[in-house]
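The structure appears below as structure tokens.
Along the sequence shown, residues are numbered consecutively beginning with 1.
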Amino acid sequence: MELKQKQVILGDRLDCDLNGLDPVVKAVVPEGVVTERYLALESLCRAWIEQYISGKLSLPTVEKQIRETGLLFEPVSEVEMDSYQAYSTMGLDFFYLRNDVKIERLKAECFQRLSSRFDRGELDFNGESMQFVQENLSELTKEKEDDLPEFMCSFGPFIESCMASNNSVVLGLRFADLRDDADLGEDWITAFDTRIKTIRRIQSTVSAYGTERLGLPCAVINYNNSTVDKLGSELAQKDSPQKS
């Protein structure tokens with residue numbers, strides 16, 4: 001299994017209560033600072049979660065059905081993706097995991113299981129990995145606020161279309177914008193309206209099925225060029241010369 005870059009960055013400071021961390025976990029994030037070890041373990045855990053969700057929700061089959069609609073659904077290029085999609089291990093064109101994965105919340109026993117698998121080079125998703133994800137998915141993905149067990153939060157810009165419950169497993173859904181010369185038939189307006197309704201139906205159907213299959217609230221957010229931080233923009237900022 002190829003492990004890819006994650007959302008947290010080396011040297012970042014975790015937004016968590018350090019006093020509440022297990023000593024085993026604290027050793028990997030001294031003073032709450034993200035280390036290479038933390039990144040490696042988070043990457044492995046995220047990959048397992050992605051494979052678990054993709055399988056439970058039959059997402060490759062869903063994508064095949066989307067392509068067969070004849071509504072010109074196409075994937076975006078990598079530079080147009082946000083980092084969550086670009087570094088996903090799902091191997092899909094349209095769906096990706098939009099939650100952050102917070103391995104610092106794991107109990108000591110679970111954290112040690114993850115660490116041991118990584119140290120032995122046992123990275124592949126298998127029955128043991130599946131059980132690990134089933135036991136910890138909610139704790140690893142949900143957002144938390146003091147004294148608020150449940151609330152709505154933003155997974156992107158602070159707009160209604162990017163909001164979901166803090167307890168949700170959130171999937172991003174992204175398609176390339178239609179080109180001006182896209183051939184949708186003679187009645188372009190009707191075909192475009194059908195495309196929008198199809199996207200909404202995909203969101204509703206996959207959300208309901210995901211909630212049933214995962215045993216957790218599942219939300220599907222349809223992102224577009226105005227609701228993502230494009231990877232191309234991030235790379236351009238990273239490569240641009242710094243002003244003194």
Taking the cut-offs as 6.0 angstrom to the six-membered ring centre and 45 degrees off its axis, would you call Arg98 and Tyr84 a cation-pi pair?
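Relative to the ring axis of Tyr84, which defines the angle, Arg98 lies inside both limits.
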Tell me whether the count of non-hydrogen atoms from other residues, nucleotides or ligands lying under 6.0 Å of CZ in Arg37 goes above 12.
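More than 12 heavy atoms, drawn from other residues, nucleotides or ligands, come within 6.0 Å of this atom.
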More than 12 foreign heavy atoms under 6.0 Å from NZ of Lys107: is that the case here?
no
Are [X] and [Y] packed together at the side-chain level, in the sense that at least one heavy-atom pair is separated by less than 4.5 angstrom?
X      : Y      : value
Tyr96  : Tyr223 : yes
Val79  : Lys230 : no
Tyr52  : Leu214 : yes
Val133 : Met130 : no
Ser54  : Pro60  : yes
Lys142 : Arg105 : yes
Thr211 : Leu216 : no
Arg195 : Phe73  : yes

If you take all heavy atoms of [X] and [Y], which pair is closest and at what distance?
X      : Y      : result
Leu171 : Leu97  : CD2-CA, 4.3 Å
Ser207 : Val220 : OG-N, 3.2 Å
Pro157 : Thr227 : CD-O, 3.4 Å
Ile103 : Phe111 : O-CD1, 3.7 Å
Val101 : Cys45  : CG1-SG, 4.1 Å
Lys102 : Glu143 : NZ-OE2, 3.1 Å

Are [X] and [Y] close enough for a salt bridge, meaning some N to O gap below 4.0 Å?
X      : Y      : result
Glu150 : Lys144 : no
Arg67  : Asp93  : yes
Glu128 : Arg117 : yes
Glu122 : Arg120 : yes

May I ask you to check whether [X] and [Y] show a side-chain donor-acceptor distance below 3.5 Å?
X      : Y      : value
Asn225 : Asp177 : yes
Glu104 : Tyr38  : yes
Ser116 : Asp119 : no
Arg113 : Asn136 : no

Tracing side-chain links under 4.5 Å among I, L, V, M, F, W and Y, which residues wind up in one group with Met163?
Met152, Phe158
With side chain to side chain contact (heavy atoms under 4.5 Å, CB included) as the test, would you mind laying out the steps for Phe155 and Asn99 before giving the verdict?
CA-CA 8 Å; Phe155 293 84; Asn99 298 89; 3.9 Å; yes
Applying side chain to side chain contact (heavy atoms under 4.5 Å, CB included), run through Trp48 and Thr89 and close with a yes or a no.
CA-CA 9 Å; Trp48 287 351; Thr89 64; over 6 Å; no
Taking the six-membered ring for Trp, are Phe175 and Phe94 ring centroids under 6.0 Å apart?
yes
Given the rule in the salt bridge (Lys or Arg N to Asp or Glu O under 4.0 Å) test, do Glu74 and Arg174 qualify, once you have shown the distances and angles that lead to the verdict?
CA-CA 9 Å; Glu74 298 291 341; Arg174 183 89 188 278; over 6 Å; no
Rounded to the nearest 0.5 angstrom, the CD1-CE distance for Ile49 and Met90 is 9.5 Å
